[in-house]
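Notes follow once the structure below has been shown.
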Amino acid sequence: MSKVYNPKQIEKKWQTAWDKAGVYNTKNTSKAKTYYTLVEFPFPSGDGLHVGHVRSYAAMDIVSRKRRMQGYNVLFPIGWDAFGLPTENYAIKTGIHPAVVTKKNTNNFRKQMRALGLSFDWNREVNTSDPSYYKWTQWMFLQFLKKGLAYKAEVPINWCPKDKIGLANEEVVGGACERCGTPVEKKIKNQWMIRITAYADKLLAGLEKLDFLPEIKKQQEHWIGRAEGARIQFPIFGSQSVISVFTTRPETIFGATYLVLSPEHELIDILKPQIKNYTVVNDYCVTVVAKQEEDRVGSKEKTGVRVEGVEAVNPATGERIPVYVADYVLSGYGTGAIMAVPAHDQRDFEFAQKYSLPIKIVISRSSVENSKDVFEGNGRLVNSGNFSGRDCQEAKSDIIKKVGGRRAVTYKLRDWVFSRQRYWGEPIPVVICGSCGYVPVPEKDLPVVLPNVKDFKPRDDGQSPLASVATWVNVKCPNCKKPAHRETDVMPNWAGSSWYFLRYTDPCNTRIFADKKLLKKFMPVDWYNGGMEHVTLHLLYSRFWNQFLYDCGFVLAAEPYRKRTAHGVILAGGGVKMSKSKGNVINPDQIVASHGADTLRLYEMFMGPFDQAVAWDFSSIEGVSRFLGKVWRIHHEKVSATASPNRQLTVLLHKTIKSVSDDIESMRFNTAVSACMIFVNACFDQPVVPVSLWKKFLLILAPFAPHITEELWQSFSSEKKFSSIHTVAWPRYNPQFLITDSVTIPIQINGKMRDQVIVPVGSSQDHVFAVACEREKLQPYLRNASVRTVIFVPDKIMNIVL
RNA sequence: GCCCGGGUGGCGAAAUUGGUAGACGCAAGGGACUUAAAAUCCCUCGACCGUAACAGGUCAUGCCGGUUCGAUUCCGGCCCCGGGCACCA
């Protein structure tokens, strides 16, 4: 055995040995308690694995390894979120088929992950672009269709003119395409939609019981955006039509001095004959609607025009009030129309000032504030007819009743645009028939396999390249057998990732997406870690998808994830984002080659708090590398079977076992590593280290540094049959060793630490005080002074107040 | 603008229900070993005052104030950085 730690000589060897022995394989039939640890499966990009992946994967690998050692039957799977635009764009550029690129990239990712010693069960690998997988994604789409949750609608979509693709709201960042940065345009398209809004309440309510980080819950709540208020109808004077508004402040209706319609509002066309300045209004609407998304966000100055010839009646006051169209009212939220209460809403106030509209105060301020501010708070009603004098919150219900409104709830969450006019995705399994309309592909005919094409470029008419594959497109209607054609839209890449955690439980099943027995055994996921960037999209979609399958009776748990945590991003040196264009991306392969996988893993755990952003620092890697070198040396130079037990070291070991055990559970990996370092430093100072202590230490280090600990562990074994350290029981600490018989108590004088005394554990205040009074160091303070009080916390601290 | 995080030595950071601020690691400086270097080992390492050297003292956890015997920790107000949402009625 080498005297010097050389990871290259050991890491490959043990990776192969673990594989051969199936150390990390999950057992479907085991009677042991199960534990399901999940990491977000990667999109297999050509760039390979990123050090950011390693942070999350290594952390959950540590948790998984600890659970295995604790006796659990652990499911820790991995796969590939393989559909998606980057691969398709690469295909367009190079002409290489996305499936070929995907194959190459997944091979690379797999190799990289194995080199890191991640304990995935490779028998359960899934790939969303594999027909045997997406068969079930398509099947689930048909279930949505069956339940009326998938539907087709003419919707204004966010259109990226460069990628020639419709984007979901979630894929638009600051008015630009999330992928290429091109400003998006609005385009009306016939799209498949999924009615996620039907689950808004369930998604919100379900959060309560889940062990998600508070900030994750907050973000989801915010995204769902539930708002309680009322719908109130304002009759149009001299017309049958009404304008329905949604408001969260119905109690301010006496102050509603005008109404505003969004530029897309349907009433503008309906009321056309009545509108005196229709051309002006219409022109305004057309310009605003055509304007790009980016112009509609931000605190831009509000614009609008009055709809002349149309007046609404305020149902509370009976007064006639003007109607405007304005760009500050959104068509997609509430009813697309508002009652404007300029005295008590900042936006309405700004608009009213600009267009000289009346501002009527209906809530009196409780305190004297700057009168220039719009008062958006609560208080006593004024100028509100019979309601004047009452508390606005208390009167709310009565006011809604009086004006004939009804309580209503509105969400910010929108339905999910599920169509993509692209190639590299799951074909939507629908046939369009001239006589039968949209006909689902019969389940027995699934999967609808993505045909092989040569030209991946989206067509200029905005259709998917699939539309050009005549032999694939033209089919008989499954219903009436007349000539028909296939839907050529494909699904967004959020589809396959919305249920992958279910497939892992039973990845090879051809009868159903997963057997119920296995779902029952493994689901829900016990601990899911991933990036904060997926908290509103993937995490919400997959919760919805699972809840839907639950309502259909296909899965047994409504919520897919019991616990969700998130890791901080890894930045390049200097705290800037890693990006290819800046050339500051760190490839894990290079660290594995120079320092070994164990060092890389340990470094990423040690570099800072797990949930916070941290900057890469090459020189700090040396620290953990040296630490492992010390472990190696102690093992070979100091560990001895004949060394007598050392009380001090034993106590420290048990302390270390406790802190490492606890720290893993709360993801304080950085302090776990530092606890290991403290123990190793202590061993290093000893002439000999008893083997019994050392073995226990190797066990707690094993999840962090699986290769070196395996190598050292095997040196104790004389058996021929390989028995991995990673299958040995997790050591327990003995609380007896954590109790010491004496304790150091800091003595403070007036709150400042002046001295320390060593006393037996449990010493009384009197005893500690007596000892303190003897101390020479304290004499200058205690002499010529009278003690006012003594604060004493047993075994902790004494503060003498003079 | 709103909602989350965060701000501690030269740097990454510890401090688990208010109780010794800076564990652990990096960098730096000094020394040992070496023909030399690397590697390794030992020592020093918040700032300032002080001392021949010890000792000792003062100030320090973004800023201002409060509660407390005692505050990095709790409360109020502000500044800065990161993330999310953004005219959501």
Side-chain angles (χ1 to χ4, degrees), chain A residues 4 173-174 213-219 221-223 225-227 229 245-250 252 256 260 262 296-302 326-330 332-341 344-348 350-351 376 410-414 532-533 535-536 566 568-569 571 575 603 606-609 611-624 626-627 629-630 633 659 662-663 666 668 670-678 680-681 684 744-756 777 780 788-793 796-802:
Chain A
V4 182
V173 176
L213 289 181
E215 58 263 42
I216 295 176
K217 286 193 184 184
K218 269 271 154 57
Q219 271 194 38
E221 273 165 27
H222 198 174
W223 193 264
R226 184 189 151 98
V245 305
F246 173 74
T247 176
T248 53
R249 302 293 310 270
T252 63
V260 189
S262 71
R296 298 201 56 181
V297 299
S299 49
K300 288 244 154 68
E301 187 169 335
K302 297 164 183 49
D327 57 0
Y328 80 97
V329 174
L330 306 174
Y333 183 78
T335 61
I338 61 151
M339 64 175 211
V341 185
H344 304 291
D345 182 282
Q346 185 63 38
R347 294 153 305 182
D348 297 342
E350 284 167 24
F351 191 81
E376 291 185 323
T410 298
Y411 302 91
K412 287 183 196 167
L413 186 71
R414 315 274 172 90
M532 274 313 278
E533 70 274 22
V535 157
T536 44
V569 292
L571 304 166
Y603 168 63
F606 184 61
M607 65 196 298
D611 57 350
Q612 266 175 55
V614 274
W616 193 267
D617 180 8
F618 274 103
S619 57
S620 290
I621 297 172
E622 300 302 332
V624 285
R626 275 173 213 157
F627 162 72
K630 262 187 194 172
R633 283 182 57 194
S659 32
D662 294 351
D663 283 352
S666 43
R668 287 188 306 252
N670 51 337
T671 49
V673 174
S674 105
C676 291
M677 287 174 167
I678 291 169
V680 163
N681 289 345
F684 201 74
T744 306
I745 294 192
I747 306 295
Q748 296 184 334
I749 303 288
N750 293 332
K752 282 217 156 96
M753 207 276 286
R754 296 298 178 189
D755 198 9
Q756 307 177 2
K777 256 187 169 180
R788 195 137 52 105
T789 13
V790 175
I791 311 286
F792 179 67
V793 183
K796 270 263 165 89
I797 200 162
M798 171 169 278
N799 186 11
I800 301 167
V801 186
L802 301 177

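Throughout, a chain's letter reflects where its sequence line sits, starting with A, and its residues are numbered from 1. Every heavy atom of this structure was used, including side-chain atoms; hydrogens, water molecules and symmetry mates were not.
- Nucleic acid contact class of A/Q219 (heavy atoms, under 4.0 Å, all strands): sugar-phosphate only.
- Partner assigned to B/C2 is B/G84, using Watson-Crick or G-U wobble distances below 3.5 angstrom.
- Nucleotide B/C24: paired with B/G12 (Watson-Crick or G-U wobble, both distances less than 3.5 Å).
- Taking the side chain of A/R626 as heavy atoms from C-beta on, and the options B/A14, B/C26, B/C4, the nearest nucleotide is B/C26.
- Counting only N and O atoms by type, the side chains of A/T247 and A/R249 include no donor and acceptor under 3.5 Å apart.
- Considering only the side chain of A/E215, B/C4 comes nearest among B/C4, B/G19, B/A15.
- Within the 4.5 Å cutoff, the side chain of A/L802 has heavy atoms near those of the A/I749 side chain.
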Hey, mind stepping through A/I338 and A/F246 against side chain to side chain contact (heavy atoms under 4.5 Å, CB included) and telling me if it holds? CA-CA 6 Å; A/I338 61 151; A/F246 173 74; over 6 Å; no

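- The two atoms that bring A/P609 and A/N670 nearest to each other are N-ND2, 3.7 Å, heavy atoms only.
- Taking atom C1' in both B/G25 and B/C45, one finds a spacing of 14 Å when rounded to whole Å.
- Counting any heavy atom pair closer than 4.0 Å across all strands shown, A/F606 reaches a base atom.
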Verdict with supporting geometry, A/V673 and A/Y603, side chain to side chain contact (heavy atoms under 4.5 Å, CB included): CA-CA 9 Å; A/V673 174; A/Y603 168 63; over 6 Å; no

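- Residues A/V624 and A/M677 have side chains in contact (heavy-atom distance under 4.5 Å, counting atoms from C-beta outward).
- One C1' atom belongs to B/C49, the other to B/A55, and the distance between them is 14 Å to the nearest Å.
- Using a 4.0 Å heavy-atom criterion, one finds that A/F684 contacts the sugar-phosphate atoms exclusively.
- Listed nucleotides B/A13, B/G19, B/A89 differ in distance to A/I338; the shortest reach to its side chain belongs to B/A89.
- Taking only side-chain atoms of A/H222, from C-beta outward, the nucleotide of B/G84, B/U16, B/A13 with the closest atom is B/G84.
- Comparing the C1' positions of B/G76 and B/G82 gives a spacing of 25 Å, expressed to the nearest Å.
- A distance of about 23 Å separates the P atoms of B/C42 and B/A47, rounded to the whole Å.
- For the pair A/R754 and B/G56, the criterion of a side-chain N or O lying under 4.0 Å from OP1 or OP2 is not met.
- Comparing atom distances between the A/V329 side chain and each of B/A89, B/C41, B/U20 picks out B/A89 as nearest.
- B/A15 and B/U61: their C1' atoms are spaced 11 Å apart (whole Å).
- Between B/G50 and B/A13, the two C1' atoms lie 31 Å apart (nearest whole Å).
- Both A/R249 and A/S674 lie near RNA chain B, and the one whose nearest nucleotide falls closer to the 5' end is A/S674.
- Going from atom CZ of A/F246 over to atom P of B/C87 covers 16 Å, rounded to whole Å.
- A/S659 has its side chain out of reach of A/T671: every pair of non-hydrogen atoms, C-beta onward, lies at least 4.5 Å apart.
- Looking at heavy-atom distances under 4.0 Å, A/A227 makes contact with sugar-phosphate atoms alone, never a base.
- For B/A23, neither phosphate oxygen OP1 nor OP2 lies less than 4.0 angstrom from any side-chain nitrogen or oxygen of A/N670.
- The phosphate of B/G56 has OP1 or OP2 within less than 4.0 Å of a side-chain N or O from A/K777.
- With distances taken from any side-chain atom of A/R633 to the nucleotides B/G84, B/U40, B/G19, the minimum falls on B/U40.
- Under the Watson-Crick and G-U wobble criteria, each requiring two contacts below 3.5 Å, nucleotide B/U40 is paired to B/A32.
- Across B/U16, B/G19, B/C41, the shortest atom-to-atom separation from the side chain of A/D663 is found for B/U16.
- Using a 4.0 Å heavy-atom criterion, one finds that A/N681 contacts the sugar-phosphate atoms exclusively.
- Checking B/G76 for Watson-Crick or G-U wobble geometry (two distances, each under 3.5 Å) identifies B/C64 as its partner.
- If you check every strand for non-hydrogen atoms under 4.0 Å, A/P609 touches sugar and phosphate atoms only.
- For the C1' atom pair drawn from B/G62 and B/C81, the interatomic distance equals 10 Å after rounding to whole Å.
- Taking 90° from 0 as the syn/anti boundary, the base of B/G9 is oriented syn.
- Taking every side-chain heavy atom of A/Q612 into account, B/G6 is the closest of B/G6, B/C42, B/C59.
- Checked by distance alone, A/E533 brings no side-chain donor or acceptor within 3.5 Å of a matching partner on the base of B/G84.
- Minimum heavy-atom separation, A/R754 to A/K777: O-CD, 3.9 Å.
- Between the side chain of A/R788 and the main chain of A/I800, no donor-acceptor pair closer than 3.5 Å is present.
- At the phosphate of B/G84, neither OP1 nor OP2 sits under 4.0 Å from any side-chain N or O atom of A/K217.
- No N or O donor and acceptor, one from the side chain of A/K218 and one from the base of B/C4, sit under 3.5 Å apart.
- The base-pairing partner of B/A52, taking Watson-Crick or G-U wobble contacts with both distances under 3.5 Å, does not exist among the strands shown.
- The partner of B/A47 is B/U58, by the rule that a Watson-Crick or G-U pair needs both atom distances under 3.5 Å.
- Atom CG of A/L571 is separated from atom P of B/G5 by 20 Å (rounded to the nearest Å).
- For A/M677, the side-chain atoms get nearest to B/C24 when compared with the rest of B/C24, B/G70, B/U20.
- Nucleic acid contact for A/T789: none, since no nucleic acid atom lies under 4.0 Å from a heavy atom of the residue.
- Taking atom C1' in both B/A60 and B/G7, the straight-line distance is 15 Å, to the nearest Å.
- For A/I678, the side-chain atoms get nearest to B/A23 when compared with the rest of B/A23, B/C59, B/C41.
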